[in-house]
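Input: a single structure, listed below in structure tokens.
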Amino acid sequence: MVKRKIKRIAVNTGGGDAPGLNAVIQSVAIAAANRGWACFGIRDGFNGILFPERYADSGVMRLTRDRVRGIGHLGGTILGTTNKGNPLHFPVTLPDGTEKEIDRSNEILTYFATHEMDALVSIGGDGSLTIANALHKKGLIVVGVPKTIDNDLDKTFTTFGFDTAVGFATECVDRLHSTAQSHQRVMVVEVMGRYAGWIALHAGIAGNAHVILMPEIGFDLDVVAEKVRQRDEDGRQYSIVLVAEGALPKDGQREIIARAEIGHDERLGGIGDRVAQGIAERTGKETRVVVLGHLLRGGSPTSFDRLSALRFGAAAVRALDEGHTGVMVTLGLNGVEHVALEEVAGHMRGVPLNCDTLQTGRDLGICFGD
Ligand code: F6P
């Protein structure tokens, strides 16, 4: 830890957007201003630095108090974001049409040096924090802020965006009970979450779903169908099945919309249809599918997410002021703390099979397809 004089910092948002990003930006900008530091926002991940010509005003904008006033409750990010164009593996098309990846991270370091930017606050999920860690190793002063609706980052109890996503998914499940019951149907609800089942588990239990399928527990459609049949026999002729997009059948394959390619991660989706069809074939019941998708990423952050975001933003600035670098702010047992980026980057956190929330679901009789 080195105490240093900071005058100018930059902040960026990377990966999929999540409710609460604007609250972090606001908090970083105001906490910086209150220390007499100038704060700048890099547009669209690092694109503002890598492609300044794309921006009419500037790829890096000054974040004054006035600029960030009134944005804390808004969804999305005023800076823009991208989950493509990782500067360490930047996709380029060669003259012969083939694609390859090049490392453009030195352009970012050069930008910081020539514009006398002293530090970066990088707000993002696993991918963005891995980039932040690499930039830190190359000498940039960096503090990370954990963001994702998926809640799949290690070393923090929660990420902002998750509570908003779960709240919305729960409301949707609540609404589906009455129509499912009226028509005696099976409603299958597919939710995001990538390779972790946090959203499905939390919204499923909170919303009284009867079946929850998640990536951490391989599912068997025969078991799911048996649960639906059992409910019918007991006189409850409808069922709600919550499926995480990354859920995978025991001995089966994950459903994907698009394979990973240079510059793109794999895109998940479609498991809801497969589950609905499997249930219909096995039970003869009418099924319908609702895919919540990107609706989970929109809207205003809940007060919990807003508060976490404001706490994280201010804590990131405090961490820089105290001389930290290469760390991510986290929500720990005793409030906001920090951990080394190295400990977080590349470490996905799925739902532990022994967690009490999962156990709660089992105690309540929810079927997990196993
Ligand atoms: O990581 C957030 C997330 O919303 C995942 O839950 C989902 O799989 C992915 O991003 C979708 O990404 P895109 O916005 O590229 O469709």
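All values reported here derive from a predicted model rather than from experimental measurement. Counting starts at 1 for both ligands and their atoms, in listed order. All residue numbers refer to positions in the sequence shown, counting from 1.
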Notebook entry, point to check: Think R43 forms a cation-pi with Y55, using NZ or CZ under 6.0 Å from the six-ring centre and within 45 degrees of its axis?
Noted result: no
Next item on the list: Decide whether a cation-pi geometry holds between R104 and F51; the criteria are a distance under 6.0 Å from NZ or CZ to the six-membered ring centre and an angle within 45° of the ring axis.
Entry: yes
Checklist line | Which residue and heavy atom of the protein sit nearest atom 2 (C) of ligand 1, plus the separation | finding: D150 OD2, 3.3 Å
Check: Can you tell which of K84, R297, H294 gets a heavy atom nearest to atom 16 (O) of ligand 1?
Finding: H294
Check: Is N83 touching ligand 1 with its side chain, its backbone, both, or neither, if touching means heavy atoms under 4.0 Å apart?
Finding: side chain
Notebook entry, point to check: Less than 4.5 Å apart, any side-chain heavy atom of R35 and any of D321?
Noted result: yes
Check: For M61, does its backbone N or O pair with a side-chain atom of S58 as donor and acceptor, under 3.5 Å?
Finding: no
Checklist line | E245 neighbourhood, listing ligand 1 atoms whose heavy-atom distance to it stays under 4.0 Å | finding: 5 (C), 6 (O), 7 (C), 8 (O)
Check: Backbone or side chain, does any N or O of G193 fall under 3.5 Å from an N or O of ligand 1?
Finding: yes
Check: So H210 and H177, would you call those rings parallel, tilted or perpendicular, with 30° and 60° as cut-offs?
Finding: perpendicular
